[in-house]
Amino acid sequence: MAFLWDELRQAIPLITSGNSYIMSVAWVTIRVAVLATAIALVLGLPVGTALGLGRFRGRRVLQALANAGLALPPIIVGLAVLLLLLPQSLFGSLRIEFTLTGVYVAQTILALPYVIALTAAAIQGLPPGLLTQARALGASRRQLGGLALREARIGVLAATIAALGASLSEVGAVVVVGGNIQNYDQTLASAVLQQINGYANYPYALAIGLVLLALVLVLITVLTVIQQRSGAIQLRFRAP
Amino acid sequence: MHLLWNVLRHAVPLIVHGDPYLFSVVLFTLEVSAVATAFALLIGLPIALALGLGRFRGRGVLIGLANASLGLPPVLVGLLLFLIMVPRGPLGSLHLLLTRQGVYLAQTILALPYVVALGAAAVQGLPPGLPAQARTLGASRLQLAVLAVREARIGVLAAVIAALGTTLSEVGAIVIVGGNVYSYDQTLASAALFEADAAHFAEAVAIGIVLIALILVLMGGVSLLGQREGGIGLRFRSAA
């Protein structure tokens with residue numbers, strides 16, 4: 001135990017003194033997680049809503065794809081993104097391989113299946129009478145979508161929590177697409193990996209790990225509290 | 001497109017001709033997934049049952065903890081295990097660092113929350129009358145547990161699928177604990193990371209394709225098993 005205690009005693013001051021390297025990595029991590037989740041919500045909510053409500057051809061295939069996307073190893077997603085971004089490749093002219101922009105792209109793609117699959121599942125879990133009634137009362141598609149999202153908000157928030165959690169803790173894609181470049185496009189999770197495997201710098205690894213743990217706990221707790229608060233069923237009908 | 005095509009042209013023969021390195025990595029991946037999931041079930045299922053069926057103090061807190069542990073970044077689990085297993089650490093004398101046993105242990109610990117949290121949720125989702133009735137009819141604890149697992153088998157299978165999925169696609173923890181040693185304690189996922197980092201894209205893609213195929217086969221197989229056993233089949237046996 002003496003060893004662990006020693007490492008901890010060296011790690012704590014790094015956090016409390018606001019070590020500039022650790023703070024900058026934490027800031028990059030927050031930006032990546034929030035931005036990737038936000039873009040995934042913007043892109044994924046309409047798709048998830050359409051999947052949850054829709055009665056169109058190819059719906060099952062799309063839903064199966066979204067579910068399969070959840071099981072896809074991040075490292076494979078990262079590899080595919082990198083191959084598309086390499087200079088001689090399809091999107092090579094963008095020049096975003098081994099950049100922070102590339103990391104944003106990879107994390108957004110990883111967050112997307114969570115938003116789509118979990119939103120669709122949440123909407124499908126609504127009492128079927130609700131949507132039928134709204135349709136019968138002449139709700140437009142937009143109104144129907146809005147109603148479904150509002151009623152399925154607990155599930156939508158769960159999707160947001162899952163997406164955020166994934167982008168905070170994921171390493172495979174970040175390392176492959178971004179190259180895990182110190183002080184530039186590292187997240188806290190990939191920085192831990194580098195401190196241990198690359199530099200064998202345990203106090204730093206532990207300090208970064210503790211910051212990551214705190215960040216995960218705070219973000220997830222805040223979202224969970226919001227989720228539970230919004231839990232009560234509140235039907236509101238508005239005049240069209 | 002040129003690059004993608006080239007990579008694919010070199011990757012496919014590696015799979016088709018049964019590259020010995022690739023083969024050994026596949027074998028180890030299967031071993032790790034099977035062993036870790038089995039141990040996680042062995043340890044986790046009794047805990048899940050106690051949480052799902054039990055009526056003891058602190059049960060809510062424990063369920064909350066189990067759910068929260070699902071959001072724990074694997075890198076942090078790896079970091080903690082690493083610091084415990086370092087020669088000077090508390091379990092340093094076991095020499096688990098950079099070994100296959102260490103990888104087994106890390107993956108088991110990562111799979112455990114899925115079994116506990118999803119297993120408990122599945123048991124809790126049973127119609128409340130069912131365990132109550134079994135209790136009234138004088139079922140022993142063991143009989144109650146067996147009944148609950150049998151009735152909640154779809155949820156339990158979902159937990160197995162999730163556990164299997166993490167062990168197949170996770171890289172953060174095993175790279176830290178196992179060191180990603182070439183051809184020794186690499187899984188397909190960590191081998192893909194290794195090859196992508198080394199810019200061996202043909203090898204990385206070959207590994208990626210095999211990994212996706214493996215996930216499809218294993219997940220598909222387990223899912224089919226679940227659907228076949230899907231119908232509610234209440235069977236009561238005399239408590240002889």
Side-chain angles (χ1 to χ4, degrees), chain A residues 1-4 6-8 68 70-80 82-84 86-90 92 161-162 164-166 168-173 175-177 179-180 187-193 195-197 200 202 205-206 208-210 212-213 215-217 219-221 224, chain B residues 1-4 6-8 64 67-68 70-80 82-84 86-90 92 161-162 164-166 168-173 175-177 179-180 187-193 195-197 199 201 204-205 207-209 211-212 215-216 218-219 223:
Chain A
M1 283 325 269
F3 169 75
L4 278 183
D6 268 2
E7 300 298 320
L8 200 60
L70 281 178
L72 210 59
I75 177 81
I76 303 297
V77 175
L79 180 62
L82 178 66
L83 285 177
L84 290 173
L86 282 178
Q88 315 92 308
S89 187
L90 221 50
I161 295 174
L164 205 60
L168 282 175
S169 49
E170 200 282 317
V171 284
V175 170
V176 169
V177 174
N180 208 5
T187 61
L188 288 164
S190 71
V192 170
L193 202 65
Q195 290 299 332
I196 293 238
N197 282 4
Y202 307 147
L206 193 54
I208 296 169
L210 287 173
L212 175 58
L213 185 64
L215 197 63
V216 169
L217 285 180
L219 283 180
I220 306 283
T221 308
T224 308
Chain B
M1 280 320 276
H2 216 70
L3 174 100
L4 291 183
N6 258 335
V7 166
L8 210 59
N67 285 333
L70 280 178
L72 207 63
V75 167
L76 290 185
V77 175
L79 172 66
L80 189 67
F82 185 93
L83 291 177
I84 292 175
V86 167
R88 286 174 295 153
I161 293 177
L164 212 53
T166 9
L168 285 172
S169 52
E170 199 282 319
V171 286
V175 167
I176 290 182
V177 172
N180 211 0
T187 64
L188 284 164
S190 68
L193 180 71
E195 299 292 357
D197 268 350
F201 295 123
V205 167
I207 293 168
I209 292 173
L211 177 55
I212 290 177
I215 289 177
L216 283 178
L218 285 181
M219 303 281 202
S223 305

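Every chain is numbered from 1, with letters handed out A, B, ... down the list of sequences.
- At a 4.5 Å heavy-atom cutoff, the contact between B:Leu193 and chain A is made by backbone and side-chain atoms alike.
- Residue A:Ile76 holds its CD1 atom at 7.0 Å from CD1 of B:Ile215, rounded to the nearest 0.5 Å.
- The choice from B:Ile212, B:Ile84, B:Val171, B:Leu79 that makes the most heavy-atom pairs within less than 4.5 Å of chain A is B:Leu79.
- Between B:Gly172 and A:Val171, the shortest heavy-atom contact is CA-CG2, 3.6 Å.
- Contact of A:Leu83 with chain B is made through backbone and side chain together, with heavy-atom distances under 4.5 Å.
- Of all non-hydrogen atoms in B:Leu3 and A:Ser89, the two that sit nearest each other are CD2-CB, 3.7 Å.
- No part of A:Leu168 comes within reach of chain B, as not one of its non-hydrogen atoms sits under 4.5 angstrom from that chain.
- Residue contact with chain B, scored on non-hydrogen atoms closer than 4.5 Å, involves the side chain of A:Val216 exclusively.
- Ranked by heavy-atom pairs under 4.5 Å with chain A, the list B:Val86, B:Leu188, B:Leu168, B:Val7 is led by B:Val86.
- Residue B:Ile176 touches chain A through both its backbone and its side chain, counting heavy-atom pairs closer than 4.5 Å.
- For chain A, the option among B:Ala189, B:Ala68, B:Ser190 with the highest count of heavy-atom pairs below 4.5 Å is B:Ala189.
- Closest non-hydrogen pair, A:Ile75 versus B:Ser169, comes out as CG2-O, 4.5 Å.
- To the nearest 0.5 Å, atoms CG (A:Leu90) and CG (B:Leu4) are separated by 6.5 Å.
- Heavy-atom distances place both the backbone and the side chain of B:Leu83 under 4.5 Å from chain A.
- Ranking A:Ala189, A:Gly172, A:Gly92 against chain B, the residue ahead of the rest is A:Ala189, based on heavy-atom pairs under 4.5 Å.
- Scanning all heavy atoms of the two residues, the minimum distance from A:Leu4 to B:Pro90 falls at CD1-CG, 3.9 Å.
- Looking at A:Leu82, only its side chain comes within 4.5 Å of chain B, counting heavy atoms on both sides.
- Heavy-atom pairs under 4.5 Å with chain B were tallied for A:Val175, A:Ile208, A:Ile220, A:Leu84; the largest tally goes to A:Val175.
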